[in-house]
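What follows is a set of notes on a single structure, which appears directly below.
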Amino acid sequence: MSDTPDIDDPTLHWGPATLGVRAGARPTLEMEHSPAIFATSSFTSRSAAEAAALFAGEQAGNIYSRFTNPTVRAFEERLARMEGGDACVATASGMVAILSLVMATMKVGDHLLASNGLFGATISLFTNYIVKFGIGVDYVDPKDPAAWARAMRPNTRLLFVETPSNPLTEIADIRALADVAHAGGAKLAVDNCFLTPVFQKPLSLGADYVIHSATKYLDGQGRCLGGAVVGDSQSVGKDVFGFMRTAGPCLSPFNAWVFLKGLETLSVRMKAHEDNARHLAVWLNEQLGVKRVFYPGLAGHPQHELAKRQSRGYGAIVSFEVEGGRAAAWKLIDSTRLCSITANLGDTRTTITHPATTTHGRISAEARAAAGISEGLVRLAVGLEELEDIQADLHRGLR
Ligand SMILES: *Cc1c(COP(=O)(O)O)cnc(C)c1O
C-alpha cells in the first residue's frame, strides 16, 4: 500500500506536482517516509513451492533485479501516473529505452518512420543499427503531418518524433501524427524529454508510447543516466518488459532512487527553468546582433498557437542566430563565464553550445543548411541560476 492511499484511487484526479511527490511510494514495515533503496540483486522465497509459483507467474513477487526491483518499480509507477500511462519500463539510459521499444515491437520487414529533427544518437541508432535487422527507416519533416501520411507504407509499424525539436524548437502536431499512424495500423512514439509530463502529455493527445531520457530533467541535476518507455499494459507492460528482463538493459536501484526523488521536484523545477527561458527569449529578441530567436513561447514562433494548444508550457531550450556566422557564435560562447560549454541539457546549470560544430557537426554542410542549422546558431539549455546573471553573461558576448 502507498503512504497516501487515495493516490491509488483511479476515480480521483491528481495534478502532476502531487503525483510527482506522492505516487508510487510503497513504504516497508519500517514505515520510512522517504523511499528506500533496495540494493539487492535477488530476492528469496519462503518455500520451494513459493519459488515455483513466482517463476510460473502464478504469484506476484520479486525474483531478481533484472526483472523487478522495488525502487525501480516505484520510479516506474510514479512516471506512468504522471504521463497517464498504464505501464512503464525503466531502462539504463534514454537510448536503450528507444532500442527496447523497437526490439520489442518491430521485426524484419517492418518500416519505421522518424522525424528528421531527432536527437543525433537516435538517428545513428536507426540509420546504422536498426536497419541491420531488416527494418526500413525513412525521415520526415516533423512540422508536416501530410508528409508523414505520404511516407506511410503498408508495413509501417512505428512513427517516432520529438517535440519541440532540437535545436530549432519545431513543433510536431502530436494528435495529427497519431491519426496518421492509426489510420495505417501503426503506433506513435513521442520522445517527451524536453517538456516532461509537467508540460506535455503525449498519451492524452493520442500517442501510444512516451520515451524519456531520465538523464535530463527527470534527474535535473546532471547525476545519473537512465530512461523509460511508458504506454499500455500489453505492448509496454508485457512486450517491452519482456525484452528488458531478458536482455537486461535495466535501471540500477540507485539511479531509480535519484530519479524518484527528482520527480518530486520536477514540477517546480520545470516552471523555474521555463520562467528563466521565457524572459531570456524575449530579451534576446531585442538585442542588437541577434538575427532570430527560436522559442515556442514567443508569439512570433511559427507554431506558437499549436504549442500553446498541445502543451502547458514551452520548456527551457532557447536557440538564437547571431550576426557574423561561426566566428561571432564562437566568440559569444567563449566569452561566457557562467554558462557551461556542453551539449548536455536538463541540468540546474545553464549550458551553451554551437550545434553546427558539435551535436550536428557530423552531418554534411548541405544537410545542415537544409535543416536550418546555420553557422551563427547558438543553443541554450536554460538552467536555474538568477535570470539577471545569465543575461549579463550573454550580454558580455553580444557586445
Ligand atoms: C539525451 C537524449 C536522449 C538519449 O538519452 P540518454 O539518457 O543520453 O541515453 C534521447 N532523446 C533526447 C531528446 C535526448 O535529449
Side-chain angles (χ1 to χ4, degrees), residues 72 75 79 83 88-103 112 114-130 139 142 158-172 174 188-200 202 207 209-230 244 247 249-252 254-256 258-259 262-263 266 270 273 277 296 311 314-319 340 342-347 349 351-353 355 358-360 371 373 379-383:
V72 175
F75 166 64
L79 184 60
E83 287 286 3
C88 171
V89 173
T91 54
S93 70
M95 288 317 303
V96 86
I98 299 171
L99 176 66
S100 300
L101 177 65
V102 172
M103 294 300 277
L112 168 63
S115 160
N116 61 21
L118 294 178
F119 184 65
T122 309
I123 293 189
S124 302
L125 176 69
F126 292 162
T127 307
N128 300 330
Y129 297 97
I130 296 299
Y139 295 95
L158 185 68
L159 279 62
F160 195 102
V161 72
E162 261 168 50
T163 183
S165 73
N166 176 22
L168 295 176
T169 71
E170 294 173 325
I171 307 295
I174 296 175
L188 173 66
V190 177
D191 184 329
N192 205 23
C193 179
F194 282 12
L195 292 188
T196 81
V198 171
F199 288 148
Q200 176 168 276
Y209 309 114
V210 168
I211 293 288
H212 272 288
S213 167
T215 315
K216 312 295 167 50
Y217 293 104
L218 306 194
D219 173 352
Q221 296 172 60
R223 298 163 293 191
C224 290
L225 257 86
V229 186
V230 185
M244 203 280 309
C250 41
L251 184 63
S252 86
F254 178 79
N255 288 11
V258 169
F259 300 142
L263 289 180
L266 184 66
M270 290 309 291
H273 275 291
S311 48
Y314 307 102
I317 305 298
V318 180
S319 295
S340 311
T342 169
N344 196 25
L345 61 98
D347 201 323
R349 301 163 193 81
T351 66
I352 190 164
T353 191
T358 60
T359 51
H360 294 71
I373 313 226
R379 189 202 74 190
L380 293 172
V382 182

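The shown structure was predicted, so the numbers you read here are calculated from the model rather than taken from an experiment. All ligand and atom numbering here is 1-based and tracks the order in the structure.
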Using a 4.0 Å cut-off to any heavy atom of [X], which atoms of ligand 1 qualify?
X	value
K216	1 (C), 2 (C), 3 (C), 14 (C), 15 (O)
G226	7 (O)
S93	7 (O), 9 (O)
E162	13 (C)

**OP:** Report the distance from atom CZ of R223 to atom CG of D347, rounding to the nearest 0.5 Å.
**Re:** 9.0 Å
[X] versus ligand 1: do any nitrogen or oxygen atoms come within less than 3.5 Å of each other?
X	value
M95	yes
T122	no
L225	no

Original post:
For Y314 and T169, does a side-chain donor sit closer than 3.5 Å to a side-chain acceptor?
Top reply: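 There is no such pair (donor and acceptor under 3.5 Å, judged by atom type) between the side chains of Y314 and T169.
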Original post:
Do T353 and T358 have a side chain donor and acceptor closer than 3.5 Å?
Top reply: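 There is such a pair between these side chains.
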**OP:** Check each of D191, T163, I317 against atom 12 (C) of ligand 1 and report the one with the nearest heavy atom.
**Re:** D191
I'd like to check [X] versus [Y] (side-chain heavy atoms, cut-off strictly below 4.5 Å). Are they in contact?
X	Y	result
R349	N344	no
Y139	I123	yes
Y129	L99	no

For [atom], which protein heavy atom lies nearest, and how many Å away is it?
atom	value
atom 4 (C) of ligand 1	F119 CE2, 3.5 Å
atom 5 (O) of ligand 1	S213 OG, 2.9 Å
atom 7 (O) of ligand 1	T215 OG1, 2.6 Å

Original post:
Hey, would you say the F126 and F160 ring centroids sit under 6.0 Å apart?
Top reply: yes
Subject >> Closest approach of I174 to A207 (non-hydrogen atoms, all atoms of both residues) >> reply: CG2-CB, 4.2 Å
